[in-house]
Amino acid sequence: MKRLIIFDLDGTLLNTIEDLGYATNHALASLGFPTHPLAAYPSMVGNGVRKLLQRALPSGLDTDEQIEKLRSVFTQYYDEHGTDHSSPYPGIPELLSELQAKGIKLAVASNKYHEAVVRLIKHYFPNIEWSAIMGQKEGVPVKPDPSIVFEILSCCPTPKSDVLYVGDSGVDMETARRACVESVGVTWGFRPTSELRAYYADHIVQTPEEILACAESPLI
């Protein structure tokens, strides 16, 4: 039995793509840039807000100055509207409750800015006792750099062999690999299953219930 499970947020615990897309489009339109259909955003997210905005800007106009202007507008809008359309994936609340009942510690590691991560987790999962909630902080590299995992482990000392990292993208699988912990790729998120395989996910699951089975079974 694993003792600690670290979850990615967007595309893993929560379907946030509409709110991310609306916030980005609002920022783009506010500064006179063309917007994108919501269907374009799953391929843009996953590496933090700055990278999302860089990808959303027209080629050649993605300067640091423009990105910072966009980020200011994006953050103000997202802080007010980040829960308008988002929701937990089916089965996730039940999974978290069952893992907690079994005494497994739970944590979140996200490339979304830290304040938004804390707000979303407390809004959607108020009855879960999280051992650590970590979002992107200034001066700390984003995933797939494993620093965020190491920060969680400093808060929740746990042998790496007893840790499971769950995410929906190649970024997540690479983060787990660099941190030397076992990985689970979920197929209901923002990235295709082929990406999870390409980044050598230790497990690939179709439903939240299968995460429990991964937590209970040793890696073979």
Handout entry: Proximity of His85 and Tyr22 rings by center, below 6.0 Å
Key = yes

Handout entry: Crowding at CZ, Phe190 (>12 non-hydrogen neighbours, <6.0 Å)
Key = yes

Practice task
Give the cluster check for Leu96 versus Val163: same hydrophobic cluster or not, with ILVMFWY residues linked at side-chain heavy-atom distances below 4.5 Å.
Solution key: no

Practice task
Find out if a path of hydrophobic residues (ILVMFWY) with successive side-chain heavy-atom gaps under 4.5 Å connects Val171 to Met173.
Solution key: no

Practice task
Report the C-alpha separation of Arg55 and Asn47 in whole Å, then their side-chain angles, then the decisive distance to 0.1 Å, and conclude whether the side chain to side chain contact (heavy atoms under 4.5 Å, CB included) test is met.
Solution key: CA-CA 10 Å; Arg55 290 167 174 160; Asn47 298 90; 2.9 Å; yes

Practice task
Report the C-alpha distance between His203 and Glu182 in whole Å, list the side-chain angles of each, state the deciding distance to 0.1 Å, and finish with yes or no for side chain to side chain donor-acceptor pair (under 3.5 Å).
Solution key: CA-CA 8 Å; His203 311 272; Glu182 193 173 332; 2.5 Å; yes

Exercise for the section: Determine, stepwise, if the pair Tyr124 / Leu13 fulfils side chain to side chain contact (heavy atoms under 4.5 Å, CB included). Expected result: CA-CA 10 Å; Tyr124 288 106; Leu13 295 177; over 6 Å; no

Exercise for the section: Determine whether Phe7 and Leu99 make a side-chain contact, defined as any pair of heavy atoms from C-beta on separated by less than 4.5 Å. Expected result: yes

Practice task
Classify the side-chain pair Thr207/Glu209 by whether it contains a donor and acceptor separated by less than 3.5 Å.
Solution key: yes

Handout entry: Backbone of Ser183 reached by a side-chain donor or acceptor of Asp202 within 3.5 Å
Key = yes

Practice task
State the CG-CZ distance between Leu52 and Arg71, to the nearest 0.5 angstrom.
Solution key: 11.5 Å

Handout entry: Path from Ile5 to Val108 over hydrophobic side-chain contacts below 4.5 Å
Key = yes

Handout entry: Pro146 backbone acceptor or donor facing Arg178 side chain under 3.5 Å
Key = no

Problem - Verify same cluster id: Trp130, Phe150 (apolar side-chain graph, 4.5 Å) - result: no

Handout entry: Gln100 side chain to Glu129 backbone, donor-acceptor under 3.5 Å
Key = yes

Practice task
Answer whether the closest heavy-atom distance between the side chains of Leu120 and Lys112 falls below 4.5 Å.
Solution key: yes

Problem - Any side-chain heavy-atom pair of Asp162 and Leu4 under 4.5 Å - result: no

Problem - Any donor-acceptor pair under 3.5 Å from Lys105 side chain to Ala132 backbone - result: no

Problem - Donor-acceptor contact present, side-chain Glu210 to main-chain Gln206, <3.5 Å - result: yes

Completion exercise
Here the pair of heavy atoms bringing Ile6 nearest to Ala109 is CG2-CB, 3.7 Å

Completion exercise
From the list Asn25, Thr24, Thr16, side-chain hydrogen bond (donor to acceptor under 3.5 Å, both in side chains) partner of Tyr41 resolves to Asn25

Problem - Joint hydrophobic cluster, Leu153 plus Ile133, side-chain heavy atoms closer than 4.5 Å - result: no

Practice task
Verify whether one side chain among Asp79 and Tyr113 offers a donor that lies under 3.5 Å from an acceptor in the other.
Solution key: yes

Handout entry: Exam field: side chain Arg191 to backbone Pro42, donor-acceptor pair closer than 3.5 Å
Key = yes

Exercise for the section: Check whether any side-chain heavy atom of His36 sits under 4.5 Å from a side-chain heavy atom of Leu28, and report yes or no. Expected result: yes

Handout entry: Backbone of Thr193 reached by a side-chain donor or acceptor of Thr187 within 3.5 Å
Key = no

Problem - Donor-acceptor under 3.5 Å (Ser110 side chain, Val117 main chain) - result: no

Fill in the blank from the handout: Of all heavy-atom pairs linking Val186 and Ile211, the shortest is CG1-CD1, 4.2 Å

Exercise for the section: Could you check Lys102 against Glu216 for side chain to side chain contact (heavy atoms under 4.5 Å, CB included), going step by step and ending with a plain yes or no? Expected result: CA-CA 10 Å; Lys102 290 180 176 293; Glu216 293 176 333; 3.5 Å; yes

Problem - Flag, side chain of Ser72 to backbone of Lys69, donor-acceptor distance under 3.5 Å - result: no

Problem - Evaluation steps, side chain to side chain contact (heavy atoms under 4.5 Å, CB included), between Leu20 and Phe74 - result: CA-CA 9 Å; Leu20 289 168; Phe74 173 97; 4.0 Å; yes

Handout entry: Donor on one side chain, acceptor on other, Thr175 and Asp172, under 3.5 Å
Key = no

Problem - Side chains of Tyr165 and Lys160, donor plus acceptor under 3.5 Å - result: no

Practice task
Kindly say whether Ser87 contributes a backbone atom to a donor-acceptor pair with the side chain of Asn15 at under 3.5 angstrom?
Solution key: no

